[in-house]
Amino acid sequence: MQAKREKIVILTGAGISAESGLGTFRDEGGLWAQHAIEDVATPEGFARNPRLVHDFYNARRIQAAEAKANKAHQALAQLQEHFPGEVVIVTQNVDSLHEKGGARNVIHMHGVLEGALCATCDHRWPAPDEMEPETTCPHSSAPSARPDIVWFGEIPYAMEEIEAHLSEASLFVAIGTSAQVYPAAGFVEAARSFGAETLEINLEPSDLANRFHSHRFGPATETVPEWVAALLT
Ligand code: APR
């Protein structure tokens, strides 16, 4: 009988893109210190002031388009290519740096800056560089284009698929996330309940550090390539 292929499920957060120059949310001076969540990251905020919300995401879209993948993104792509089992990358990040680093089939549970979504008919299309309150949906023609970003109070994408992966994981790894936002923060517990080993890779211990079996602390561009090299040799 053939042994079951090992499956590694990796959850990434803003910390993996920090060294590419993209700001995190909750570190000192992070995005949520500069902007009120309820104004720029909720459906209610968008209904109140779509211009403000578009300005916020337009700026982030331009910044993300200019950013380059770093050694941590590249190392995960290498792992996907060379690991003899399956490597699933689930990201909370709305940038495309995993893809720029060569990763395949990345699950963007919080959406993507490169996408536009019609709040009227749910049609999706590539976002223009600058979205405006007047931007219309190419399908319904409704002037209700929004960034394809999952906001607070909304359900993240692909939850069933992610839960299925977690239930089959032999190893669950969280990289560069403060573990403060659910449901992603609950993945470590879910993976453990299905019998996975768990590893936290972060600049410093997260709030849920004690729920992981093992840890590697330090900047992602150092810790992630080191971990991948150890796994592939
Ligand atoms: N290398 C590794 N980790 C880092 C680095 C780095 N160079 N720089 C910062 N970190 C760590 C921080 O220590 C922190 O634990 O990354 C984490 C970033 O945490 P957050 O800013 O809270 O980002 P994240 O966990 O991705 O946020 C989750 O919250 O509002 C939202 O929707 C948004 O997807 C986001 C979600």
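Remember, it's 1-based here, ligands and their atoms both numbered in the order they're listed.
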Exercise for the section: Heavy-atom distances under 4.0 Å are what count here, so tell me which part of V181 touches ligand 1: side chain, backbone, both or neither. Expected result: side chain

Exercise for the section: Measure across A41 and W151 and return the closest heavy-atom pair with its distance rounded to 0.1 Å. Expected result: O-CB, 3.2 Å

Completion exercise
Rounding to 0.5 Å, atoms CG (L203) and CD1 (I16) come to a distance of 13.0 Å

Exercise for the section: Could you verify whether a donor N or O on one side chain and an acceptor N or O on the other, from H165 and K7, lie under 3.5 Å apart? Expected result: yes

Exercise for the section: Please could you name the atoms of ligand 1 that A18 approaches to less than 4.0 Å, counting only its heavy atoms? Expected result: 8 (N)

Handout entry: Any side-chain donor near an acceptor of the partner, T12 and T91, under 3.5 Å
Key = yes

Exercise for the section: Considering non-hydrogen atoms only, spot the tightest contact between A185 and L208 and give its length. Expected result: O-CD1, 3.2 Å

Exercise for the section: Could you check Y157 against H110 for ring-ring contact (aromatic ring centres under 6.0 Å, His included), going step by step and ending with a plain yes or no? Expected result: CA-CA 6 Å; Y157 296 144; H110 289 171; 9.0 Å; no

Exercise for the section: If you have a sec, work out which protein heavy atom is nearest atom 17 (C) of ligand 1 and how many Å separate them, to one decimal? Expected result: G176 O, 3.5 Å

Completion exercise
Restricting to heavy atoms, the pick from H110, R26, E222 nearest atom 29 (O) of ligand 1 would be R26

Practice task
Just need the protein heavy atom nearest to atom 30 (O) of ligand 1, so name the residue and atom and give the distance.
Solution key: W32 NE1, 2.7 Å

Exercise for the section: If you have a sec, work out which protein heavy atom is nearest atom 12 (C) of ligand 1 and how many Å separate them, to one decimal? Expected result: D27 OD1, 3.4 Å

Problem - Taking every non-hydrogen atom, the tightest pair across A116 and M131 - result: CB-CE, 3.7 Å

Practice task
Give yes or no for whether the N/O distance cutoff of 3.5 Å, strictly under, is met between F25 and ligand 1.
Solution key: yes

Practice task
Look at ligand 1 and say whether E19 reaches it with a heavy atom at a distance under 4.0 Å.
Solution key: yes

Completion exercise
heavy-atom search around atom 1 (N) of ligand 1 in the protein gives A220 N, 2.9 Å

Practice task
Can you pull out the closest protein heavy atom to atom 11 (C) of ligand 1? Residue, atom name and distance to 0.1 Å, please.
Solution key: N202 OD1, 3.2 Å

Handout entry: For atom 20 (P) of ligand 1, the protein heavy atom that lies nearest, with its residue and separation
Key = S178 OG, 3.6 Å

Handout entry: Sub-4.0 Å atoms of ligand 1 with respect to non-hydrogen atoms of E204
Key = 13 (O)

Handout entry: Smallest separation among heavy atoms of D95 and H108, with atom names
Key = O-CE1, 3.1 Å

Handout entry: Which residue and heavy atom of the protein sit nearest atom 5 (C) of ligand 1, plus the separation
Key = G15 O, 3.5 Å

Problem - Closest approach of any protein heavy atom to atom 28 (C) of ligand 1, naming residue and atom - result: Q92 OE1, 3.3 Å

Handout entry: Donor-acceptor side-chain pairing of N70 and S20 below 3.5 angstrom
Key = yes

Handout entry: Test item: side-chain donor near acceptor, E114 and S96, under 3.5 Å
Key = yes

Problem - Distance in Å, R60 CZ paired with N58 CG, rounded so as to fall on 0.5 Å steps - result: 11.5 Å

Problem - From T177, L203, I201 - option closest to atom 2 (C) of ligand 1 by heavy atom - result: L203

Practice task
Return yes or no for this condition: an N or O of A14 is under 3.5 Å from an N or O of ligand 1.
Solution key: yes

Fill in the blank from the handout: G13 heavy atoms within 4.0 Å reach ligand 1 at atoms 26 (O)

Exercise for the section: May I ask you to list the atoms of ligand 1 that are less than 4.0 angstrom from any heavy atom of P219? Expected result: 1 (N)

Problem - Within-shell test, G30 vs ligand 1, heavy atom, strictly < 4.0 Å - result: no

Practice task
Answer with yes or no whether the side chains of S144 and T120 bring together a donor and an acceptor at under 3.5 Å.
Solution key: yes

